[in-house]
Amino acid sequence: QVQLVESGGGLVQAGGSLRLSCAASGRTISRYHMGWFRQAPGKEREFVARIRWTGITYYSDSVKGRFTISRDNAKNTVYLQMNSLKPEDTAVYYCARDPRLTESVDYHEYDSWGQGTQVTVSS
C-alpha cells in the first residue's frame, strides 16, 4: 500500500503563502486521483482540492482562486500552493488517495492518509 507524508506547513501572516508537499512511497500514485483536506479544531474534516491522474483539478469554493494543486509523477509527489492565506485557512492539512477513482469531495472515499501538517495564519 501507499504511504503519504505531508510537509511544508508553518506560521504565516494573513496574505502570505505556503507550499505543501505530499510525498508518496510504497507504490506509485501516478494513476490515482489525489486530494487535499483540512481539519480545524472542533470542525469536520473538509475538502480543499483534488487532482486527477490526468492533471485535471477541482477546488472548494473557499479556496478557489487562491490555492493550486499540482503533481509531479516523476517524484511521486503532490503539492498544494496556498496564496493569499486567511486566518480561516488555519488547520491541519492532509493529503489522501482516492482508491476507487471517484473524484469525491467526501473524505470517507479516500485512504492512505498522511500524518498532516499544521498551517497557522495569523491576523
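The shown structure was predicted, so the numbers you read here are calculated from the model rather than taken from an experiment.
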Single-linkage hydrophobic cluster Met82~Tyr79, side-chain heavy atoms < 4.5 angstrom: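 The answer is no; the residues belong to distinct hydrophobic clusters.
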Please check this pair: side chain of [X] against backbone of [Y], looking for a donor-acceptor N/O pair closer than 3.5 Å.
| X | Y | answer |
| --- | --- | --- |
| Asn73 | Ile29 | no |
| Gln115 | Glu6 | yes |
| Asp72 | Thr77 | no |
| Glu46 | Glu44 | no |
| Thr57 | Ile51 | no |

To the closest 0.5 Å, what do you measure between [atom1] ([X]) and [atom2] ([Y])?
| X | Y | atom1 | atom2 | result |
| --- | --- | --- | --- | --- |
| Gln81 | Ser21 | CD | OG | 9.5 Å |
| Thr90 | Gln118 | OG1 | CD | 7.5 Å |
| Leu80 | Met34 | CG | CE | 12.0 Å |

Is any side-chain heavy atom of [X] less than 4.5 Å from a side-chain heavy atom of [Y]?
| X | Y | answer |
| --- | --- | --- |
| Trp36 | Cys22 | yes |
| Gln13 | Leu85 | no |
| Ser62 | Arg38 | yes |

Which atom pair, heavy atoms only, marks the closest approach of [X] to [Y]?
| X | Y | result |
| --- | --- | --- |
| Asn76 | Ser25 | ND2-N, 4.2 Å |
| Ser84 | Ser17 | N-OG, 4.3 Å |
| Leu20 | Gly9 | CD2-N, 3.5 Å |
| Ala91 | Ala40 | CB-N, 3.9 Å |
| Leu4 | Ala24 | CD2-CB, 3.5 Å |
| Gly8 | Leu18 | O-CD2, 3.8 Å |

Among Arg100, Arg97, Arg52, the one residue meeting side-chain contact (heavy atoms from CB on, under 4.5 Å) with Tyr32: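 Only one option passes, and that is Arg97.
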Residues clustering with Tyr94 (ILVMFWY side chains joined when closer than 4.5 Å, directly or via others):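 Phe37, Phe47, Tyr58, Val92, Val105, Tyr107, Tyr110, Trp113, all in the cluster of Tyr94.
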Should Lys64 and Asp61 count as an ion pair when the cut-off is N to O under 4.0 Å?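 Yes.
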Under the rule for side-chain contact (heavy atoms from CB on, under 4.5 Å), what residues qualify as partners of Trp53, not counting sequence neighbours?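 Arg31, His33, Arg71.
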